[in-house]
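A short write-up of the structure that comes next.
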Amino acid sequence: MGVMARFLITSALPYINGIKHLGNLVGSMLPADVHARYRRMQGHEVLFICATDEHGTPAELAAAEAGQSVRAYCDDQHEIQKAACAGFHLSFDHFGRTSHPLNHARTQHFAEALERAGLIEERVTAQVYSVDDGRFLPDRYVEGTCPVCGYEDARGDQCDNCGSLLDPVQLKNPRSKISGSTNIEIRDTAHLFLRQPLMEARVRDWVDASTQWPHLARSIAFKWLDEGLQDRSITRDLSWGIKVTQDGAPRPGFDSKVFYVWFDAPIGYIGATEEWAAATGQDWQRWWRTDQGADDVTYVQFMGKDNVAFHTVSFPVTLFGSGEPWKAVDRLKAFNWLTWYGGKFSTSGKRGIFMDQALELLPGDYWRWYLLANAPESSDAAFTLEGFQSAVNADLANVFGNFVNRITRFAATKMEGRVPGGGAPGPLEQALAARLADGIAALTAHHDAMDFRKAAAETRALWVAGNEYLQEAAPWSAIKTDPERAAVVVRTGLNLVTLFARLAAPFIPDTAQRVLDAMAVPAEGRGWPGADDASLLDTLPPGHAFEPPPVLFAKIEDTQVTAWAEQFGGGG
RNA sequence: GGCUGGGUAGCUCAGCUGGUUAGAGCGCACGACUCAUAAUCGUGAGGUCGAGAGUUCAAGUCUCUCCCCCGCCA
């Protein structure tokens with residue numbers, strides 16, 4: 001065991017608008033959970049934070065469709081997402097909300113700090129105002145005729161016909177998408193702009209020094225910086241969101257405006273940590289402020305590829321621009337997309353499985369294993385029900401589940417449910433120990449590198465090594481002629497059961513816990529094993545009592561796959 | 001149009017700074033075993049590594065051109 005370290009781990013924030021699909025899950029929250037569990041098992045101090053991202057126009061639209069107030073809608077959806085995350089055993093230390101008062105205050109704090117640093121500018125801009133709706137209309141609430149090609153259903157930000165990028169005020173014959181009203185005026189209104197170019201050199205130096213990032217992340221960040229950062233509006237004409245303040249009081253002229261969601265969402269990482277601190281009595285600053293003890297924290301972020309620029313450039317502009325000593329990301333892991341049979345997951349198109357639906361079919365561990373063993377790390381990856389079935393049946397049921405079952409049942413029947421003593425390890429056990437040492441070292445390296453597919457493959461390979469050993473050692477034969485030898489093999493096999501559960505715990509935590517409970521392994525025996533630990537095959541004391549766990553994984557039948565394909569649009 | 005990443009056995013993918021007969025899992029065929037969820041273990045068949053050219057004693061692995069696929073940005 002190495003020296004204790006501290007890890008702050010965040011997952012990209014799921015948007016509040018509806019429950020997430022399996023692609024969203026494997027794109028940040030799930031791998032972040034695996035890494036958090038792995039670091040905890042190593043004995044490190046871990047703080048794992050996530051939250052729902054609740055502001056912006058999509059939330060307003062969805063609430064209106066649901067016939068709810070935005071607040072009530074977000075309250076409901078937050079609980080739904082929280083429950084789904086729990087079903088997948090996501091071990092957040094806190095699952096917060098960007099709409100929480102603490103995040104409001106933190107966002108206002110950042111805006112004021114940025115203004116003091118000369119990075120905020122108030123400008124008057126022309127915006128589309130709907131008289132009948134009594135409000136300014138954000139980009140996606142306006143439609144009209146494209147000034148370039150004459151297409152009549154151009155959106156406020158872009159014409160789908162000719163591809164031109166538009167400003168909503170350019171549209172001819174504009175109409176409100178909310179009410180359909182054409183009673184539209186162009187009015188001047190003030191907004192706050194973040195002067196990002198002033199921070200460009202600072203961010204560039206930091207990216208340049210961030211050698212632990214993957215190549216892709218660095219190249220994305222440099223591309224943004226090379227193209228030049230723009231002054232960016234950080235406020236919007238909406239009622240749902242974080243109010244704009246100045247010196248702690250409502251900012252004059254901004255009573256009908258809020259911060260733009262992209263500005264307050266990443267601050268939600270900090271806000272959610274403050275929620276955690278308030279709920280537990282802990283100190284949040286030692287995780288986020290380098291002047292308050294966070295200088296020894298390793299901050300790891302998980303996100304989809306589309307989010308890299310925000311995490312490597314936009315959010316750092318906010319953090320560094322404040323002039324305050326905030327902790328910034330050290331390591332990051334970005335994912336490509338999980339596709340549904342090569343296409344997009346789609347709610348309306350009835351394509352793909354969403355988190356709540358998945359849990360109705362099978363427990364979280366089944367999904368965790370397949371999703372992580374096939375995580376979209378180097379490129380997009382396809383989710384198929386056939387692949388899922390194959391992974392569950394072959395890896396979980398046949399290789400791991402059956403291994404646990406075959407040796408524990410044998411021991412229960414022939415050894416009276418206790419770990420047998422006597423005998424001494426022979427050549428087979430020595431070869432097995434050497435194989436385990438190599439495998440654990442490789443697996444540990446893969447977890448350190450956050451290579452999830454490789455970690456899953458190595459975990460599986462170790463399970464296979466266990467089956468090979470049993471096949472070769474054949475305790476069912478030995479017990480007839482050489483009881484001492486049988487005792488050694490069974491004892492070794494039972495120790496393998498506990499070892500395999502520990503090694504698999506980051507991936508399938510619920511199952512691992514059930515196995516370790518059944519084997520009556522004490523809490524101190526459940527950490528991450530060291531590759532050089534010579535006692536791994538002889539940890540359970542002779543005479544130790546256990547119960548064979550019930551069958552761990554049920555196989556997925558062809559008829560189930562057929563039914564699910566029908567229900568969720570499988571087969572491509 | 002610009003930029004990542006990818007195009008390797010039927011399928012899903014490994015192949016680091018170039019070096020013996022190109023690897024794994026799944027699937028398939030055959031065999032072994034019987035403790036176990038008809039599970040497990042072993043053996044085998046299967047690929048001109050997207051196309052072409054170049055560098056090199058030697059290229060899936062480097063260079064150039066071209067063709068496809070997902071995505072991001074415009």
Side-chain angles (χ1 to χ4, degrees), chain A residues 23 27 157-158 162-166 214-228 230 303-310 312-313 334-344 369-370 373-384 386-415 442 445-446 449 451-461 463-480 486 489-490 493-494 497 548-557 572:
Chain A
D157 52 348
Q158 184 174 4
C162 68
S164 301
L165 292 181
L166 306 172
H215 302 302
L216 178 61
R218 280 167 67 87
S219 87
I220 289 175
F222 279 130
K223 178 168 178 278
W224 271 49
L225 293 165
D226 290 345
E227 289 176 354
Q230 308 291 316
M303 70 199 76
K305 191 167 63 172
D306 59 327
N307 251 323
V308 171
F310 286 101
T312 57
V313 178
F335 288 84
N336 290 278
W337 304 127
L338 183 74
T339 65
W340 180 257
Y341 287 89
K344 289 187 176 176
W369 176 258
Y370 176 64
N374 298 281
E377 289 182 298
S378 60
S379 64
D380 290 353
F383 183 103
T384 66
E386 293 76 14
F388 177 53
Q389 176 192 30
S390 172
V392 166
N393 292 359
D395 300 347
L396 297 181
N398 293 348
V399 176
F400 178 56
N402 181 56
F403 175 81
V404 172
N405 196 40
R406 69 193 293 202
I407 189 62
T408 56
R409 292 213 158 276
F410 184 83
T413 315
K414 314 286 190 186
M415 306 284 177
H446 290 144
D451 282 337
F452 296 95
R453 292 178 87 121
K454 289 179 179 175
E458 188 60 43
T459 300
R460 192 199 120 90
W463 295 338
V464 169
N467 278 316
E468 289 172 8
Y469 167 74
L470 279 191
Q471 200 69 23
E472 180 92 26
W476 49 89
S477 299
I479 198 166
K480 296 171 186 167
V489 177
V490 170
L494 293 174
V497 168
V551 166
L552 299 177
F553 295 98
K555 290 192 202 179
I556 298 173
E557 304 297 332

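Just so it is clear: chains get the letters A, B, ... in the order the sequence lines come, proteins before strands, and each one is counted from 1.
Within the nucleic acid shown, K414(A) has no heavy atom closer than 4.0 Å to any nucleic acid atom. No contact: G387(A) has no heavy atom under 4.0 Å from any strand. Residue V464(A) is in sugar-phosphate contact alone, with no base atom involved, counting any heavy-atom pair closer than 4.0 Å across all strands shown. Base engagement by F553(A) is indicated by at least one non-hydrogen atom pair under 4.0 Å involving a base atom. Using a 4.0 Å heavy-atom criterion, one finds that N467(A) contacts the sugar-phosphate atoms exclusively.
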query: When Watson-Crick pairs (N1 to N3 and N6-O4 or O6-N4) and G-U wobble pairs (N1-O2 and O6-N3) count only below 3.5 Å on both distances, what is the dot-bracket string of RNA chain B, with | for other-strand pairs?
result: (((.(((..((((.....[...)))).(((((.......))))).....(((((..]....)))))))).))).
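The CZ atom of F403(A) sits 15 Å away from the P atom of U37(B) (whole-angstrom rounding). Between the C1' atom of U43(B) and the CD atom of E472(A) lies a distance of 15 Å, rounded to the nearest Å. In this structure, CZ of R409(A) is placed 7 Å from P of U37(B), rounded to the nearest angstrom. Whole-Å rounding puts the W337(A) CH2 to G5(B) P distance at 17 Å. The CD-P distance, from E377(A) to G6(B), rounds to 13 Å in whole Å. Rounded to a whole Å, the CG atom of N405(A) is 10 Å from the C1' atom of C35(B). A straight line from NZ of K305(A) to C1' of C73(B) spans 11 Å, rounded to a whole angstrom. Separating the CD atom of E557(A) from the P atom of U37(B) is a distance of 15 Å, rounded to the nearest angstrom.
Side-chain contact between F452(A) and F335(A) is present, with at least one heavy-atom pair separated by less than 4.5 Å. Between L396(A) and L552(A) the shortest side-chain heavy-atom distance does not fall below 4.5 Å. By the 4.5 Å heavy-atom criterion applied to side chains, T459(A) and H446(A) are not counted as neighbours.
Using C1' as the reference atom, C68(B) and A29(B) are 35 Å apart when rounded to the nearest Å. U21(B) and C26(B) have their C1' atoms separated by 25 Å, with the value rounded to a whole Å. Distance check on atom C1': G7(B) versus U43(B) gives 32 Å, rounded to whole Å. Spacing between G71(B) and C62(B) at atom P, rounded to whole Å, works out to 26 Å. Using atom C1' as the reference point in both C67(B) and G31(B), the two lie 46 Å apart (nearest Å). The same atom, P, is picked in G25(B) and in U65(B); the two are 39 Å apart, to the nearest Å. Here, G19(B) and A59(B) have their C1' atoms 10 Å apart, quoted to the whole Å. Rounded to a whole angstrom, the distance from the C1' atom of G60(B) to that of A22(B) is 8 Å.
Side-chain contact annotation: K305(A) with N336(A), donor-acceptor N/O pair under 3.5 Å present. A donor atom on one side chain and an acceptor atom on the other are found under 3.5 Å apart for N405(A) and R409(A).
Within the structure, a side-chain polar atom (N or O) of K555(A) is placed less than 4.0 Å from OP1 or OP2 of A39(B). Using a 4.0 Å cut-off, no side-chain N or O of R406(A) falls inside it from OP1 or OP2 of C41(B). Look at K480(A) and you won't find any side-chain N or O under 4.0 angstrom from OP1 or OP2 of C35(B). Contact between the side-chain N/O atoms of N398(A) and the OP1/OP2 oxygens of U40(B) is found at a separation under 4.0 Å.
Distance from the side chain of W476(A) is smallest for U34(B) among the nucleotides G15(B), A36(B), U34(B). Among G15(B), C26(B), C35(B), the nucleotide with an atom closest to any side-chain atom of K454(A) is G15(B).
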message: Checking Q471(A) against N467(A) for the side-chain contact (heavy atoms from CB on, under 4.5 Å) test, could you report, in this order, the C-alpha distance in whole Å, the side-chain angles of both residues, the deciding distance, and whether it holds?
response: CA-CA 6 Å; Q471(A) 200 69 23; N467(A) 278 316; over 6 Å; no
task: Before giving the answer on side-chain contact (heavy atoms from CB on, under 4.5 Å), spell out for D395(A) and F553(A) the whole-Å C-alpha distance, their side-chain angles and the decisive distance to 0.1 Å.
output: CA-CA 10 Å; D395(A) 300 347; F553(A) 295 98; over 6 Å; no
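Each of N374(A) and E468(A) lies near RNA chain B, and the nucleotide nearest N374(A) is the one positioned closer to the 5' end. Nearer to the 5' terminus of RNA chain B, by closest-nucleotide assignment, is the contact made by L470(A) (compared with the other of L470(A) and W224(A)).
Its glycosidic angle being more than 90° from 0, G54(B) falls on the anti side.
Nearest approach of I479(A) to K414(A), heavy atoms of both residues: CD1-CB, 3.6 Å.
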